[in-house]
> 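A single structure is presented below for examination.
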Amino acid sequence: MNLILLGPPGAGKGTQAQRLMAHYGIPQLSTGEMLRAAVAEGSDLGKQAKSIMEAGDLVPDGLMIQLISQRIGREDCANGFILDGFPRTTAQAEALDAMLAERELQLDKVIAISVDEEALIERISGRFSCTDCGTGYHDSFKPPAVEGVCDECGGKNFERRKDDNRETVQARLQTYHQQTAPIIPYYDADGRLARVDGMAEIRAVGDAVLALL
Ligand code: ADP
Ligand code: AMP
């Protein structure tokens, strides 16, 4: 099963990817996570990406295409993968089709999750995650069952993303509308796109996604 979760920042792609990962036993490939790891590591890619991410812009296509091309070739993707945050431009979408064709693979579905702009800002403002295992939470919509303790790993350290602040969020939403939303018709044209209402609660959105698949 090869899937793309598409949608603006805060739509719930990572949240739904966690459920799909558990359901299908395939990895979530979050380019945002990969870049944050590169920044933390201080690698060349991280050095190039840091200021771009802080400004809410997109990292150059060439770097991202190379990153994903290497990643989908790894063994844990043998049974499929869930792309979260890639592709984000038409050039990335075209390059993905080319790299999949080269490996005689194809996309099973592209799931576009739509959420109102105001709700996106509310979701991003309340987002945090477990430092130890990466599980995502929200102050109001998905707090841990026991305050201060991760449901998944029992960890007690949590973090908020540096780019989840009001100004950067506005820039990221603008970037999404200008550069990423135009790829929706690219996938719609040949029937690969499915739309899901992301305004429902987390469980209901996940049920809708699974029903589609
Ligand atoms: P994305 O990966 O698309 O940027 P996330 O999955 O990180 O978005 O979700 C953003 C925030 O909104 C997280 O804190 C998450 O817990 C919360 N969230 C996700 N889906 C929903 C939903 N359907 N209703 C309410 N909150 C949600
Ligand atoms: P995300 O975690 O998906 O919200 O991504 C965080 C940031 O990483 C984005 O705002 C971009 O700066 C960068 N990024 C992630 N994925 C891509 C991509 N496919 N193309 C370009 N930049 C990306």
Side-chain angles (χ1 to χ4, degrees), residues 1-41 46 49-50 53-54 56 67-68 71-72 74-77 79-86 88 109 111-115 119-166 168-169 172 176 196-213:
M1 175 82 75
N2 301 321
L3 301 174
I4 295 179
L5 294 178
L6 198 63
K13 302 181 295 295
T15 302
Q16 297 307 329
Q18 287 185 2
R19 180 155 168 204
L20 292 171
M21 240 191 336
H23 189 89
Y24 291 109
I26 54 176
Q28 168 197 15
L29 309 186
S30 159
T31 42
E33 283 300 326
M34 293 179 207
L35 290 170
R36 281 186 287 282
V39 171
E41 219 172 72
K50 190 171 187 285
M53 293 170 78
E54 282 170 4
L67 188 68
I68 278 297
R71 185 65 188 85
I72 63 171
R74 298 228 315 244
E75 209 178 308
D76 63 340
C77 293
N79 294 323
F81 50 77
I82 305 155
L83 284 170
D84 161 9
F86 185 95
R88 259 180 158 97
K109 263 294 170 256
I111 298 169
I113 306 176
S114 54
V115 172
L120 291 174
I121 292 170
E122 198 184 3
R123 287 186 188 183
I124 290 173
S125 314
R127 166 161 66 185
F128 64 98
S129 63
C130 172
T131 307
D132 299 329
C133 73
T135 298
Y137 293 98
H138 190 279
D139 292 323
S140 315
F141 306 127
K142 195 194 166 201
V146 177
E147 199 186 328
V149 183
C150 175
D151 296 348
E152 298 299 324
C153 76
K156 291 188 175 142
N157 300 307
F158 295 90
E159 59 194 24
R160 289 179 195 263
R161 280 170 50 174
K162 208 173 172 189
D163 60 349
D164 278 352
N165 61 71
R166 207 158 255 280
T168 312
V169 167
R172 284 158 63 203
Y176 173 80
V196 164
D197 174 15
M199 289 298 288
E201 60 170 49
I202 294 175
R203 182 97 208 149
V205 176
D207 291 346
V209 170
L210 285 175
L212 269 171
L213 297 171

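Heads up: numbering here begins at 1 and tracks the sequence. Note: hydrogens, waters and symmetry copies are ignored here, and every other heavy atom, side chains too, is used.
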> Would a 4.5 Å heavy-atom cut-off, applied to side chains only, mark L120 and V169 as touching?
no
> Only counting residues at least two apart or in another chain, list the ones meeting side chain to side chain donor-acceptor pair (under 3.5 Å) with D76.
R71
> Residues in salt bridge (Lys or Arg N to Asp or Glu O under 4.0 Å) with K156, at least two apart?
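Result, salt bridge (Lys or Arg N to Asp or Glu O under 4.0 Å) vs K156: none returned.
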> Out of curiosity, L210 CG to L212 CG, how far, rounded to the nearest 0.5 Å?
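If I round to the nearest 0.5 Å, the distance is 9.0 Å.
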> Test side chain to side chain contact (heavy atoms under 4.5 Å, CB included) on F81 and L3; report intermediate values, then the result.
CA-CA 6 Å; F81 50 77; L3 301 174; over 6 Å; no
> Are any of the side-chain heavy atoms of R160 and D139 separated by less than 4.5 Å?
yes
> Enumerate, atom names and distances included, each donor-acceptor pair closer than 3.5 Å involving a side-chain atom of residues 8-16, sequence neighbours excluded.
{"residue": "K13", "atom": "NZ", "partner": "G7", "partner atom": "O", "Å": "3.1"}
{"residue": "K13", "atom": "NZ", "partner": "P8", "partner atom": "O", "Å": "3.0"}
{"residue": "Q16", "atom": "OE1", "partner": "G206", "partner atom": "N", "Å": "3.3"}
{"residue": "Q16", "atom": "NE2", "partner": "I202", "partner atom": "O", "Å": "3.1"}

> Measure across V149 and F158 and return the closest heavy-atom pair with its distance rounded to 0.1 Å.
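Heavy atoms of V149 and F158 come nearest at C-CZ, 3.7 Å.
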> Between CG of L67 and CD1 of I72, what distance do you get to the nearest 0.5 Å?
11.0 Å
> Tell me if the CG atom of N79 is crowded by more than 12 foreign heavy atoms within 6.0 Å.
no
> Would a 4.5 Å heavy-atom cut-off, applied to side chains only, mark M53 and R36 as touching?
yes
> Could you pull out all residues at least two apart from R203 that satisfy side-chain contact (heavy atoms from CB on, under 4.5 Å)?
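By the side-chain contact (heavy atoms from CB on, under 4.5 Å) rule, R203 matches R19, E201, D207.
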> List in chain and number order the residues that pass side-chain contact (heavy atoms from CB on, under 4.5 Å) with D151, two or more places apart in sequence or in another chain; answer none if no residue qualifies.
Y137, P144, A145
> Ion pair present between D164 and R172, side-chain N to carboxylate O less than 4.0 angstrom?
yes
> To the closest 0.5 Å, what do you measure between CZ (F128) and NE2 (H138)?
9.0 Å
> Walk me through it: do R166 and I121 pass the test side chain to side chain contact (heavy atoms under 4.5 Å, CB included)?
CA-CA 8 Å; R166 207 158 255 280; I121 292 170; 3.6 Å; yes
> Decide side chain to side chain contact (heavy atoms under 4.5 Å, CB included) for M1 and I82; before the verdict, give the C-alpha distance in whole Å, the side-chain angles of both, and the deciding distance to 0.1 Å.
CA-CA 8 Å; M1 175 82 75; I82 305 155; over 6 Å; no
> Nearest heavy-atom pair of A49 and L35: which atoms, and what distance?
CB-CD2, 4.0 Å
> Show, in sequence, the C-alpha distance, side-chain angles and deciding distance for L83 and L6, and conclude whether the side chain to side chain contact (heavy atoms under 4.5 Å, CB included) test is met.
CA-CA 8 Å; L83 284 170; L6 198 63; over 6 Å; no
> Counting distance only, does the side-chain N/O of K142 pair as donor-acceptor with the main-chain N or O of G136 below 3.5 Å?
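Yes, the answer is positive, given that a donor and an acceptor are paired below the 3.5 Å cut-off.
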> Taking T135 for the side chain and E152 for the main chain, is one N or O donor matched with an acceptor at less than 3.5 Å?
no
> When rounded to the nearest 0.5 angstrom, what is the spacing between CD1 in I111 and CD1 in I113?
7.0 Å
> If you look at every heavy atom in C130 and C133, which pair is closest and at what distance?
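Looks like SG-N, 3.4 Å.
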> For Q28, what residues pass the side chain to side chain donor-acceptor pair (under 3.5 Å) criterion, not counting sequence neighbours?
D84
> Which heavy-atom pair separates S129 from G134 by the least distance, and what is that distance?
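Closest pair (atom of S129, atom of G134, distance): CB-O, 3.9 Å.
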> Give, for atom CG of L5 and atom NZ of K109, the distance between the pair rounded to the nearest 0.5 Å.
13.0 Å
